[in-house]
Amino acid sequence: MPRPRRTSLAARCATLLVALFLTGMAGQPPRQPPRQPPSFVIIGARIADGTGAPLVTASVRVEGDTIAAVGAVTPRPGEPVIEGTGLVLAPGFIDTHNHSSSGLEVEPAAVSQVSQGITTVAVGPDGSSPWPVGEYLQRLRAKPPTVNVVTFAGHATIRREIIGYDYKRPATPDEVTRMASLVTQAMNEGAFGLSSGLEYEVGSYSATDEVVTMARAAGAKGGIYISHIRDEADLAMDAIREAITIGEQGKVPVQITHIKLGTVGVWGQANQAVAMVQAARTRGVDVTADAYPYLAWQSTPRVLIPNKRYTDSASVRRGLDDIGGAKNVQITRWGAHPEFVGKRLDEAARLLGVSDIEAYIRFQGDEESGMIGHAMTEADLRTFYRQPWVMVASDGGIANNHPRGAGTFPRVLGQLVREQRWMTLPEAIHKMSGMPAARLGLRDRGAVKLGMKADLVLFDPATVTDRATFEQPRALSTGIQRVWVNGALVWTGTAVTEARPGRVLTRK
Ligand SMILES: [Zn+2]
């Protein structure tokens with residue numbers, strides 16, 4: 001039993017003094033951002049430099065926002081020293097697929113992101129982006145978050161700008177020309193490329209040529225094309241082929257985002273997908289991909305029905321079969337039935353006293369509906385992650401209801417590297433830093449090297465792990481002990497600091 005604590009007189013006096021001191025501070029502005037030391041040194045850590053090279057023990061000096069020395073560094077008198085023995089120091093993680101565009105404005109601290117070691121987020125994926133891009137970036141410059149920001153221009157966003165509500169058709173040649181000019185405008189305002197979500201409502205009505213023309217406009221300005229491809233299910237191979245075609249004809253680097261094989265009909269075919277991408281790369285098409293380390297996706301229930309006949313029993317039966325049954329549909333949002341959130345659709349059907357098909361029809365018909373599909377295989381994910389052109393990205397973000405929003409990067413380091421040994425630690429770090437930096441064209445980030453910006457992550461490789469689950473999707477990861485963005489400490493291992501050093505990044 002714990003002994004009752006006896007408070008000494010001295011301790012009580014100290015408490016009183018602190019209380020008086022705090023009272024005296026009342027009326028002053030709230031906590032100020034901590035003063036940055038002009039320089040500091042991290043000693044004794046093993047460094048994963050972001051290139052995939054083996055770990056080496058070295059010390060690092062940060063001066064201002066820059067890595068000023070790497071190697072044998074002797075701390076100067078009075079210079080703060082961070083002890084890194086037993087830990088790994090890596091470049092800050094760069095997330096090429098992140099849904100925090102509005103989250104960064106609502107919650108600039110971005111706790112769920114920095115606690116994973118993320119220091120740069122690329123927002124505006126899946127065809128849907130802030131608009132106009134320039135105004136959004138200006139707001140972030142005026143009120144910076146903890147992390148650096150990159151944005152894409154959204155294909156569907158632009159489609160809606162030009163075609164409006166009449167989007168359920170291919171665009172006319174004139175409309176395509178005007179959409180391409182909006183891509184150019186967005187690039188001039190700071191976008192890093194074009195994103196598309198060809199499986200989704202607005203993007204799905206586009207013809208390949210339309211996307212080629214718009215992607216070409218992004219490529220002409222040095223941007224890339226990232227795509228949630230047209231199908232991640234039975235027609236996934238066709239969709240991968242289309243993404244390659246768009247890159248090849250549009251003369252633009254293409255990234256297949258959250259690459260996956262999400263139906264029974266294509267499970268186990270990762271090698272075929274890899275072969276197709278490999279062949280394209282061999283003939284000079286610049287194709288890469290990213291993946292998140294979960295065997296389930298999150299979207300709207302309508303993506304289960306490719307023919308869009310959402311109330312047709314046969315189509316619904318087929319859609320549910322494709323995912324392995326209603327038991328693999330987990331409800332994340334259902335406006336009319338908040339009590340079903342977290343449950344599987346087969347259970348909801350039982351509670352409603354209806355068939356799985358009828359439950360689905362009601363579920364998809366609710367404007368407020370969202371689901372997680374438990375629909376991928378471990379073997380396919382492993383095959384993808386082992387490719388040298390596949391990087392780690394979350395498809396998550398602030399306030400996400402899928403565990404990838406808070407757990408992606410530590411999950412790779414804990415589950416996939418330490419426990420299952422799918423890849424080495426330096427390889428994984430490369431897929432989280434150097435590889436995405438190269439993809440986005442961020443030449444001064446993604447490496448622990450002299451002269452690079454000081455976006456850094458210090459973590460314990462023996463304990464780093466995700467804690468977010470499908471039931472508790474926002475539980476923070478553990479084991480990431482310190483995170484710096486542009487030389488400023490933003491994460492202490494248990495909390496965010498007051499610093500908001502994130503910058504809007506530009507293409508170099
Ligand atoms: Zn997506």
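Ligands are counted one by one from 1 in listed order, and the atoms in each one are counted from 1 as well. This one's a predicted model, so the numbers in the text were calculated from it and none came from an experiment.
Ring orientation note: the planes of Phe470 and Tyr294 are nearly perpendicular, at an angle over 60° on the 30°/60° scale. Taking the six-membered ring where the residue is Trp, Trp422 and Tyr385 present tilted rings, their angle falling between 30° and 60°.
Under the 3.5 Å distance criterion, with hydrogens and angles disregarded, no donor-acceptor pair is assigned to the side chains of Thr332 and Asn401.
Between Arg317 and Asp321 there is a salt bridge, with a side-chain nitrogen of the basic residue lying less than 4.0 Å from a carboxylate oxygen of the acidic one.
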For this session: Evaluate the criterion side-chain contact (heavy atoms from CB on, under 4.5 Å) for residue pair His97 and Asp126; output intermediate values, then yes/no.
Result: CA-CA 9 Å; His97 187 129; Asp126 293 331; 3.1 Å; yes
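Here 4 is the count of protein N, O or S atoms positioned under 2.8 Å from the Zn ion (ligand 1), waters not counted.
In plain terms, the two heavy atoms of Ser477 and Gly407 that are nearest each other are OG-CA, 3.7 Å.
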